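To start, the structure itself, in structure tokens.
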Amino acid sequence: MTRHLISISDLTDDDLHAIVRRGAELSAGTAEPSRALAGRIVGIYFRRTSTRTRTAFSSGALRLGGQIIAYGPDDLQIRTGETVEDTGRVFAGMLDLLVARTADSPSELRAYAGHGRMSVVNAMTSDEHPTQALTDLTTMLVHFGRLEGLRVRYVGEGNNTATALALALTRIPDTELDLRTPPGYGLPAGHLRAASDQARRYGARITERHDMAELSDGVDVVYTTRWQTTGSSKADPDWRQVFAPFQVDDAVLAASPKAVFMHDLPAHRGEEVTASVLDGPASIAFGQAENKMHSAMAVLEWCATGGRAR
Ligand code: CP
């Protein structure tokens with residue numbers, strides 16, 4: 001059966017854990033990459049800017065023995081009016097796998113996936129960034145040696161990275177996700193509801209507050225993302241004032257002295273995080289970035305071993 005990763009919710013528990021474990025062993029160097037993509041062609045279609053995700057999937061596909069075709073925002077006839085459905089039909093006849101960042105709704109990716117023969121991986125849509133969450137869990141597993149029981153404080157906009165993290169972490173028993181989002185920029189209500197329901201089923205906890213008061217200690221990870229998510233802008237001209245109290249600085253980190261700092265990057269020092277935190281001893285953000293490649297390889301192997309109709 002052709003496998004797709006468009007939402008974290010597409011993964012079974014076994015798939016989720018297997019991808020994270022595999023990414024962690026590739027990251028730690030305790031296992032070698034397979035040749036799962038030998039003889040396969042991977043389309044890398046990025047309509048929005050990317051440094052990490054695009055490089056991770058390109059480098060990962062090549063390391064797994066695959067070949068890639070890269071498309072930028074202006075390369076396809078979609079730009080001149082060809083439909084998504086026709087584009088997907090053509091892609092599915094020629095590609096084994098498509099990794100795409102549209103920063104729009106996931107419906108376009110679902111249309112590509114509808115042709116069956118080609119696996120589709122979401123490299124970020126407006127509502128969810130699932131491969132980032134897999135990287136994040138991989139990084140936590142490598143660092144702590146476990147996921148169960150971890151306590152994560154996420155500070156910043158309830159964006160696609162936060163959504164994917166919430167949908168993934170609440171499937172891990174005994175974890176806690178403390179969301180601190182600026183007022184008016186919380187996790188979308190539907191995703192928060194889904195993550196809360198999930199947390200109840202799996203024995204995890206998720207809370208959201210719109211302030212930075214009462215920061216409990218004992219947190220294992222403090223996580224933030226940049227204030228201007230790729231491919232989005234804010235209608236309120238005064239949004240920076242709303243975000244300012246949510247900067248992760250030494251004082252926020254000091255509230256949880258044992259915590260490591262994570263950031264999906266790119267970072268804007270002096271905005272969502274101070275240089276002293278991002279470049280300080282608690283930061284594992286650049287190891288996390290490197291793990292995007294190991295996690296991408298785990299995702300690509302998972303897709304490639306799902307079988308194909310070709
Ligand atoms: N974190 C992340 O998705 O980085 P890029 O936008 O550079 O791919």
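Note that ligands are numbered from 1 as they come in the structure, with each ligand's atoms numbered from 1 the same way. Being a predicted model, the structure only gives us computed values, none of them experimental.
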Charged N to carboxylate O below 4.0 Å: is that the case for E214 and R209?
yes
State whether D174 and R151 are salt-bridged, where the test is any N-O pair (Lys NZ or Arg NE/NH1/NH2 against Asp/Glu carboxylate O) under 4.0 Å.
no
Sorted by chain and number, the residues that approach ligand 1 to under 4.0 Å with a heavy atom
S50, T51, R52, T53, R101, H129, Q132, D264, L265, K292
Carboxylate-amine/guanidinium contact D211 R180, below 4.0 Å
yes
Salt bridge flag under 4.0 Å for residues K292 and D264
no
Salt bridge check: are D13 and R171 linked by an N-O gap of less than 4.0 Å?
yes
State plainly whether the residues E301 and R22 are in salt-bridge range, i.e. N to O under 4.0 Å.
yes
